[in-house]
Amino acid sequence: MMMGVTQLSDIFSGLTSQDPAPAPASDYLDRLNPEQRLAIETTEGPLLILAGAGTGKTRVLTTRFAHILLTGRARPNQILAVTFTNKAAREMRERVGALLGTPPEGLWLGTFHAICARMLRRHAEYVGLRQNFTILDTDDQIRLLKQIMEPYRIDTKRWPPQGLLGVIQRWKDRGLTPARITPAEDTDYAGNGIARRIYGEYQDRLVALNACDFGDLMLHMLEILRTQPDVLAQYHRYFRYILVDEYQDTNTIQHLWLRLLAKRDQGPSNIACVGDDDQSIYSWRGAEVENILRFEHDYPGAKIVRLERNYRSTEQILAAAAGLIAHNDGRLGKTLRSGREDATGERVQVIGVWDSDEEARIVAGAIEQLRADGHPLSEIAILMRAGFQTRPFEERLMTLGLPYRVVGGLRFYERAEIRDAMAYMRVLAQPADDLAFERIINVPRRGVGTAALQKLYVQARALGVPLSAAVAHQLETNAIKGKAREALRELMDVFDHARDRLSSDGHVVVVERMLEDSQYLAMWRNDKSPEAPGRLDNIRELIRALTDFGSLAGFLEHVSLVMDAEDNSGNDKISLMTLHGAKGLEFDTVFLPGWEEGVFPSQRTMDEGGNKGLEEERRLAYVGLTRARKRAIILHAANRRIYANWQSAIPSRFIEEIPSEHVEHRGQAMTERRQLANAPSVFTAGPIHARAASRNEPRIPRVTDVLPKPSTNIPLGARVFHQKFGYGVVIGVDDDRLAINFEKAGEKRVMAGFVELAS
DNA sequence: ACCATGAGGATTTTT
DNA sequence: TCCTCATGGT
């Protein structure tokens, strides 16, 4: 690789000097398989790259990018490359840079939203915004929406503002401006027609505030491209090649946006989309799998390349995952083959446990053992359906002193203190940012309550000025009295002074002083709660991050688009995260707890989404399994506490859907008798590296061998006893699942193995 | 203006 | 169960 780098960078510099010379044969294509090569070298015309899990998708994408540059087909700023996450964009930028030998400048490489933001800054006037518009966060959106909803007297118990924001967002995801909403579309919220009207007002308010929300970045740009032919033509001239990552997750508006940019009057659409319909797990956020299924229809003459050689997982894991996903209909169909020569590997282990505590104990115990065998903790992940499921695991890992990190919990920029500090900075940069000003006007307490704020709003509207100007005005006219008066005077002085010194002292110093002088930092210093010091640390970190940027505006733009903070704790830690959060990652060992009906697949998804919902859950399961390189361990508990009450649970149907020859059931027999003291270790049966384990060793008997054949033992109408629910009568039998009417607990469905016949 | 109490709700969330 | 909110009392 290193040798190639110098060579390639020379070619690259030749390229940038407007002198595209054909690149001499280079080694960057050498270690690719034929399909990957095809995906890279098919540069002209529409191309869909169906890339299964672990088939080298990122590599293909980055190499293709570099290939287009190195063969002189385009200059760096003539390629549009879109990703979904900042992380993916960052990685792509780095890897393209590594291939070229120089960090490329002026690339149109970023998330959909970041690229739209960049475009929109150029054309803001077409939608009534100024070039320096602000981008709102969710808190701001809700606050604004509440204000607008106020006069409508909507019962916010039944119709929370969040719900309306959801409706609006879904409209935006589909590219629908208020004018494009038909009455038939507007039936989901409160009275018919209400949502549409508020949406319109909301959009107007945003323009008045010189602001837009996240969805607007795309919505405005789509509208501009739709209505301004010369703008569209400009981008057609720009973008000779388009690359799209995670195409299965694009929503309607992104699809429309891409199509506008890709379809030109003359010449082919050089758009290459990489995706995997089996990993589409964001339909609830507006993603349309249909986009990938209809690619050939959208782009006639499209070529399709399938990447099916998996370089990540063992054959056992691949086969298990393939068997599972085969239960979905309407797939484009891929067969993952192992591209590795080593091991067939261990089977996927399935462990039945009594409850979530035992589940956590077993997982933590297995991890201890792995660690004792020298496995790095950073190669271990526990992936769950929902965020709150991390809790028992955190507790257990904490007790055992095993270091872990929860990925994607409360994110850095979502913390209250960070949002506050950001609001201060926004007011500093833009005094007219009412939503930011409103956030901090009474933080710390300055004696400005809802009543005072109301007055200020009335005044601001009447004078047609921003909130902060209304404050200044009321200070002069002595309309503000009492404690609030001095406090607000001070606050306004802090902002004025800070603004004066911005150019001379530099933004970092000024921001620091502002947070100090406004008493904001003092507020946390005086706070006696245990989390206060941590909050101060976070603010310190925020100020440190500020030093990476040349200007305050640049920093604010970055933060509003890139809501994730660099994770610099690259230590050896176990990763706990949701299945959604794990997409795109891989680990040697993956624990998959909570595989129970109702939990995973989630009851709610099935209720709301029916069979489509179930299929998406199944894809989520597929994503989970395919994160594992060497080992996947599925767990299911017989009893789970949902909020306050215990519920008996039956194993997820997904477990049965994995072909049995790739599964090994463990531990259930022990658990059933609640012999928790000597809970079985996951790895006791054999060595971990384990060809041996799956081939020669006598295996722990399958659950079906151990458990009594329930349907024969427990007939309909039998009186039975259950550890948790006590006595009951069997009212239904379905193989080894029983429906039981318990005297105390009511009707439940339980595994036959967990009840015994009462005399 | 601020605090205390109770009802109600509770996935997934790349941007 | 536990956290967030809206409401009413001081």
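Small disclaimer: the values here were computed from a predicted structure and weren't measured.
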A.B. asks: Nearest-Å distance, CG (Leu592(A)) to P (dT12(B))?
C.D. replies: 17 Å

A.B. asks: On a heavy-atom basis, which atom in Glu617(A) and which in Pro601(A) lie closest, and how many Å separate them?
C.D. replies: OE1-CA, 3.3 Å

A.B. asks: Does Glu608(A) reach a base, just sugar-phosphate, or nothing at all? Heavy atoms under 4.0 Å.
C.D. replies: base

A.B. asks: Tell me the interatomic distance from Arg285(A), atom CZ, to dT14(B), atom P, rounded to whole angstroms.
C.D. replies: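 To the nearest whole Å, that distance equals 7 Å.
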
A.B. asks: So, taking the atom named NE2 in His123(A) and the one named CG in Leu129(A), what distance separates them when rounded to the nearest 0.5 Å?
C.D. replies: 13.0 Å

A.B. asks: Rounded to the nearest angstrom, tell me the gap between atom CD1 in Ile142(A) and atom C1' in dT4(C).
C.D. replies: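 Ile142(A) atom CD1 is separated from dT4(C) atom C1' by 13 Å.
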
A.B. asks: Would you kindly give the CZ-to-P distance between Arg391(A) and dC2(C), to the nearest whole Å?
C.D. replies: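 Taking CZ of Arg391(A) and P of dC2(C), I get 7 Å after rounding.
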
A.B. asks: Using atom P in both nucleotides, what's the gap between dT13(B) and dC2(C) to the nearest angstrom?
C.D. replies: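 Those two atoms are separated by 22 Å.
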
A.B. asks: Between Asn251(A) and dT15(B), is there a side-chain N or O to OP1/OP2 distance below 4.0 Å?
C.D. replies: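 Answer is no, no contact under 4.0 Å.
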
A.B. asks: Mind checking Asn442(A) for me? I need base, sugar-phosphate or nothing, with any heavy atom below 4.0 Å counting as a touch.
C.D. replies: sugar-phosphate

A.B. asks: Would you say the ring centroid of Phe600(A) lies under 6.0 angstrom from that of His636(A)?
C.D. replies: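 Ring centroids of Phe600(A) and His636(A) are no less than 6.0 Å from each other.
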
A.B. asks: Is Arg619(A) close to Ser280(A) at the side-chain level, that is, under 4.5 Å between some pair of heavy atoms?
C.D. replies: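 Yes, at least one pair of side-chain atoms sits under 4.5 Å.
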
A.B. asks: OP1 or OP2 of dT13(B) versus the side-chain N and O atoms of Thr578(A): is any pair under 4.0 Å?
C.D. replies: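 Yes, Thr578(A) has a side-chain N/O under 4.0 Å of OP1/OP2 on dT13(B).
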
A.B. asks: Students often mix this up, so state it plainly: with edges at 30° and 60°, are the rings of His558(A) and Phe549(A) parallel, tilted or perpendicular?
C.D. replies: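 Geometry flag for Phe549(A) against His558(A): tilted rings.
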
A.B. asks: So what does Ala114(A) hit on the nucleic acid, given a heavy-atom distance under 4.0 Å: a base, only sugar-phosphate, or nothing?
C.D. replies: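 Counting heavy atoms under 4.0 Å across all strands, no contact is made by Ala114(A).
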
A.B. asks: I need the CZ-C1' distance between Arg641(A) and dA10(B), as an integer number of Å.
C.D. replies: 15 Å

A.B. asks: What is the distance, to the nearest angstrom, from the CD atom on Gln169(A) to the C1' atom on dT12(B)?
C.D. replies: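 For the pair Gln169(A) CD and dT12(B) C1', the rounded distance is 15 Å.
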
A.B. asks: Distance check needed: dT13(B) P versus Phe112(A) CZ, whole Å only.
C.D. replies: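 Going from Phe112(A) (CZ) to dT13(B) (P), I get 20 Å.
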
A.B. asks: Would you indicate, yes or no, if dT15(B) has its OP1 or OP2 atom less than 4.0 angstrom from a side-chain nitrogen or oxygen of Asn86(A)?
C.D. replies: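 Checking Asn86(A) against dT15(B): at least one side-chain N or O falls below 4.0 Å of OP1 or OP2.
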
A.B. asks: Want to settle it: does Leu561(A) or Gly387(A) sit nearer the 5' end of DNA chain B, counting the closest nucleotide to each?
C.D. replies: Gly387(A)

A.B. asks: Say we look at dC5(C) and dT12(B): how far apart would their P atoms be, to the nearest angstrom?
C.D. replies: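 Comparing P positions in dC5(C) and dT12(B) gives a spacing of 16 Å.
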
A.B. asks: Respond yes when some side-chain nitrogen or oxygen of Arg445(A) is under 4.0 Å from OP1 or OP2 of dA1(B), and no when none is.
C.D. replies: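 No.
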
A.B. asks: Closest approach to the side chain of Trp284(A), judged atom by atom: which nucleotide of dC2(C), dT13(B), dT14(B) is it?
C.D. replies: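 The nucleotide sitting nearest to the side chain is dT13(B).
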
A.B. asks: Do Arg439(A) and Arg426(A) have side chains that get closer than 4.5 Å, going by heavy atoms?
C.D. replies: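 The answer is no; the side chains never approach within 4.5 Å.
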
A.B. asks: Across the strands shown, which category fits Thr450(A) at heavy-atom distances under 4.0 angstrom: base, sugar-phosphate, nothing?
C.D. replies: sugar-phosphate

A.B. asks: Atom NZ of Lys172(A) to atom P of dT13(B): distance rounded to whole Å?
C.D. replies: 22 Å

A.B. asks: Any N or O donor-acceptor pair under 3.5 Å from the base of dT12(B) to the side chain of Arg604(A)?
C.D. replies: no

A.B. asks: Specify the residue among His113(A) and Arg446(A) whose closest nucleotide of DNA chain B lies further upstream toward the 5′ end.
C.D. replies: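 First, find each residue's nearest nucleotide; the 5'-ward one identifies Arg446(A).
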
A.B. asks: Examine dT13(B): is either OP1 or OP2 under 4.0 Å from a nitrogen or oxygen in the side chain of Arg411(A)? Give yes or no.
C.D. replies: no

